[in-house]
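Scroll down for the structure; my scribbles are underneath it.
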Amino acid sequence: MKHLIPPRLVTFEMANNHMGDLDHGLRIIREFAAVSREFPEFSFAMKLQYRDLDSFIHPAMRGREDVKYIKRFSETRLSRAQFDSLVEETRRQGLLTMSTPFDEASVDVIEAQGLDIIKVASCSFGDWPLIERIVRTDRPIIASTAGASVATLDNMVSFLRHRDKAFALLHCVAEYPAPDEHMQLSQIDFLRQRYPGLRVGFSTHEHPDHADLVAMAVAKGADIFEKHVAVGTPEYPVNGYSATPEQVRQWLASARRAFAICGNPSERAPVNTAEQDSLRSLRRGVFVRRPIDAGQTLENADVYFAFPPEPGQITANEWSKYSRFVAREPIATDGAVTLANTEQSDRRARILDIACRVRELLQHSRITVPGGVDLEISHHYGLERFDEVGLTMFTVVNRGYCKKLLVSLPGQLHPEQLHRQKEETFHILFGEIEISLDGKLQRCKEGDVINIEPGVRHAFSTRTGAVIEEISSTHFADDSFYTDEAINLNRDRKTRLMYWLN
């Protein structure tokens, strides 16, 4: 099972702030664990740094007190048993365990201790011998990116993705402390845009009192954070980039507030009641132009939109080609269309389902529809009977001649009609149909061509589903006459969709 990086992870980076003193290291763990319990919406880890100093430092350089980091590492050296005690206390306090290894031997220690997460320091980003050793573990990886070139970033991300590793990147500035003007927080945007789907965080070395930067990082989408921490004592003063428990409280409070303000980026925010009421009060209400009888379906020509809306009124925002309103009772001229005096239905889901099935049939038939043409859905007896009686079509061109593509779904009937002006020819591109011409039935398959002269009554059905190319003289909107007068009287028998292929 792949280990994962928990959400909203905050890492307390102890580094060498234990000062080589086990008791002081234990105190840091306990004090920051107490802070973590005040912020249950976050996950927390305590991070150590591991170096096998006997092999990490060149033999000729050991003991050199004039070299800053050699002196620092040597003076704060802990034994393996002491590190084991720090790890044990971290677990006892309910924090995740984490370490930055700076050499291969230290990765061995991480595995032996069973730590939860491995951190790659910015200076080791691109240290391929070390990275090769790290990826042999089954632990998730968090890598800081300070100073890495775009090529190195790309190589590291590709390397880890190809090995199916759970990993995240942290934007980081390797100055201690880093001036605000050097923070480059928009690098969080850069990383998220360059590597979609990859979690990105913020490793922070700014002045510990500057709690506003973490809020900005949250707003940019960071959800993993790393902070150097320390506990000041007369013997061990705090350095300029590590935060005390109280400073971390302020920092976490800023992050908490930022998350609350920003909300959830993975879904559309719900509309609160106050916002909804405010918006509704500014919308236009739907009113009728003429008297409406009970049972009458309201059409566009029957209504107008005006401000202000009345309480409980249908607004222009709810009026669309997908919505259907039938009067429950008579509505007088200039009367409001309301939730109480109409019965409402939304046909959007039904229309979308039809469009999806038409698209699937076209994909199955390997027939390409020209881009930009609208989908016209004919529902002669209403959408509720579309699977039984109906047709979809695309008008490719309509000039001195007309070309359409007709799509009939399996089991559909196109009802009998005639044209008085138009002559048309059907070319069956896919499937089979049974067509009636002036009452005479014939079966047609792919490749068949049928000529239909003006005045000839025609209807067709299909068991398999069919795609028909129709070539005709110019099509006129008032030149279709159905045998069933109920269809001719149905003013709501067509729905047109633009961009239906998207």
Side-chain angles (χ1 to χ4, degrees), residues 350-380 383 385-419 421-477 479-483 487 493-502:
R350 178 67 168 141
I351 294 294
L352 177 61
D353 173 67
I354 292 169
C356 288
R357 285 190 287 150
V358 169
R359 182 167 49 199
E360 289 172 2
L361 180 58
L362 287 169
Q363 289 171 344
H364 177 65
S365 67
R366 298 179 180 271
I367 294 171
T368 301
V369 175
V373 298
D374 296 349
L375 172 65
E376 180 181 307
I377 303 173
S378 295
H379 34 85
H380 306 84
L383 278 172
R385 291 187 60 189
F386 176 78
D387 288 350
E388 173 192 353
V389 182
L391 184 70
T392 52
M393 68 182 71
F394 311 91
T395 301
V396 179
V397 64
N398 187 29
R399 301 181 66 178
Y401 66 95
C402 176
K403 175 177 176 176
K404 295 182 179 181
L405 290 174
L406 313 181
V407 180
S408 187
L409 296 172
Q412 271 191 321
L413 164 70
H414 182 267
E416 188 175 75
Q417 65 170 345
L418 61 87
H419 308 293
Q421 301 179 62
K422 183 171 72 168
E423 178 177 347
E424 56 192 1
T425 298
F426 285 179
H427 176 202
I428 313 301
L429 301 180
F430 172 81
E432 298 180 353
I433 67 170
E434 184 176 77
I435 188 166
S436 170
L437 300 176
D438 281 340
K440 296 180 180 180
L441 291 176
Q442 65 181 84
R443 296 185 183 278
C444 302
K445 61 184 183 304
E446 289 181 22
D448 288 348
V449 175
I450 308 102
N451 294 316
I452 306 171
E453 296 183 357
V456 173
R457 293 176 289 109
H458 54 281
F460 58 89
S461 62
T462 177
R463 292 181 299 101
T464 61
V467 181
I468 303 168
E469 180 183 51
E470 177 193 302
I471 304 294
S472 73
S473 53
T474 303
H475 170 80
F476 299 100
D479 188 35
S480 293
F481 303 92
Y482 289 90
T483 304
I487 299 176
R493 68 172 187 257
K494 291 184 182 293
T495 300
R496 291 176 174 84
L497 295 182
M498 299 175 64
Y499 314 114
W500 68 281
L501 282 171
N502 296 334

Answer yes or no: are there more than 12 heavy-atom neighbours, outside [X] itself, under 6.0 Å from its atom [atom1]?
X: Gln442; atom1: CD; value: yes
X: Lys494; atom1: NZ; value: yes
X: Arg385; atom1: CZ; value: yes

Legend entry - Any residue meeting side chain to side chain donor-acceptor pair (under 3.5 Å) with Thr483, in chain and number order, not counting sequence neighbours: Glu416
Minimum heavy-atom separation for [X] and [Y], please, with both atom names.
X: Pro410; Y: Thr464; result: CG-O, 3.6 Å
X: Asp387; Y: Gln412; result: O-CG, 3.4 Å
X: His380; Y: Gly390; result: ND1-CA, 3.7 Å
X: Lys422; Y: Ser472; result: CD-OG, 3.2 Å
X: Ser473; Y: Cys402; result: O-CB, 3.5 Å
X: Leu391; Y: Phe386; result: N-CE1, 3.7 Å

Could you state the interatomic distance from [atom1] ([X]) to [atom2] ([Y]), rounded to the nearest 0.5 Å?
X: His419; Y: Ile452; atom1: NE2; atom2: CD1; answer: 7.0 Å
X: Glu432; Y: Ser461; atom1: CD; atom2: OG; answer: 11.5 Å
X: Ile450; Y: Cys444; atom1: CD1; atom2: SG; answer: 3.5 Å
X: Ser480; Y: Arg493; atom1: OG; atom2: CZ; answer: 7.0 Å
X: Arg463; Y: Ile433; atom1: CZ; atom2: CD1; answer: 12.5 Å
X: Glu453; Y: Leu418; atom1: CD; atom2: CG; answer: 13.0 Å

Are [X] and [Y] side-chain neighbours, meaning at least one heavy-atom pair lies under 4.5 Å?
X: Thr474; Y: Tyr401; result: no
X: Leu406; Y: Phe426; result: yes
X: Pro415; Y: Ile487; result: yes
X: Ile354; Y: Leu383; result: yes
X: Val358; Y: Phe394; result: yes
X: Thr425; Y: Val449; result: yes
X: Lys404; Y: His475; result: yes
X: Val373; Y: Leu405; result: no

Legend entry - Test log, rule salt bridge (charged side-chain N to carboxylate O under 4.0 Å, His left out), inputs Glu376 and Arg496: CA-CA 4 Å; Glu376 180 181 307; Arg496 291 176 174 84; 3.2 Å; yes
Legend entry - side-chain contact (heavy atoms from CB on, under 4.5 Å) partners for Ile367, two or more places apart: Leu362, Ser365, Leu429, Phe430, Val467
Legend entry - Residues which pass salt bridge (Lys or Arg N to Asp or Glu O under 4.0 Å) with Asp353, listed by chain and number, not counting sequence neighbours: Arg350, Arg357
Inset, instruction - Kindly determine whether Thr495 and His379 satisfy side chain to side chain contact (heavy atoms under 4.5 Å, CB included), including the steps that lead there. - result: CA-CA 8 Å; Thr495 300; His379 34 85; 2.8 Å; yes
Legend entry - His414 and His458 aromatic centres sub-6.0 Å: no
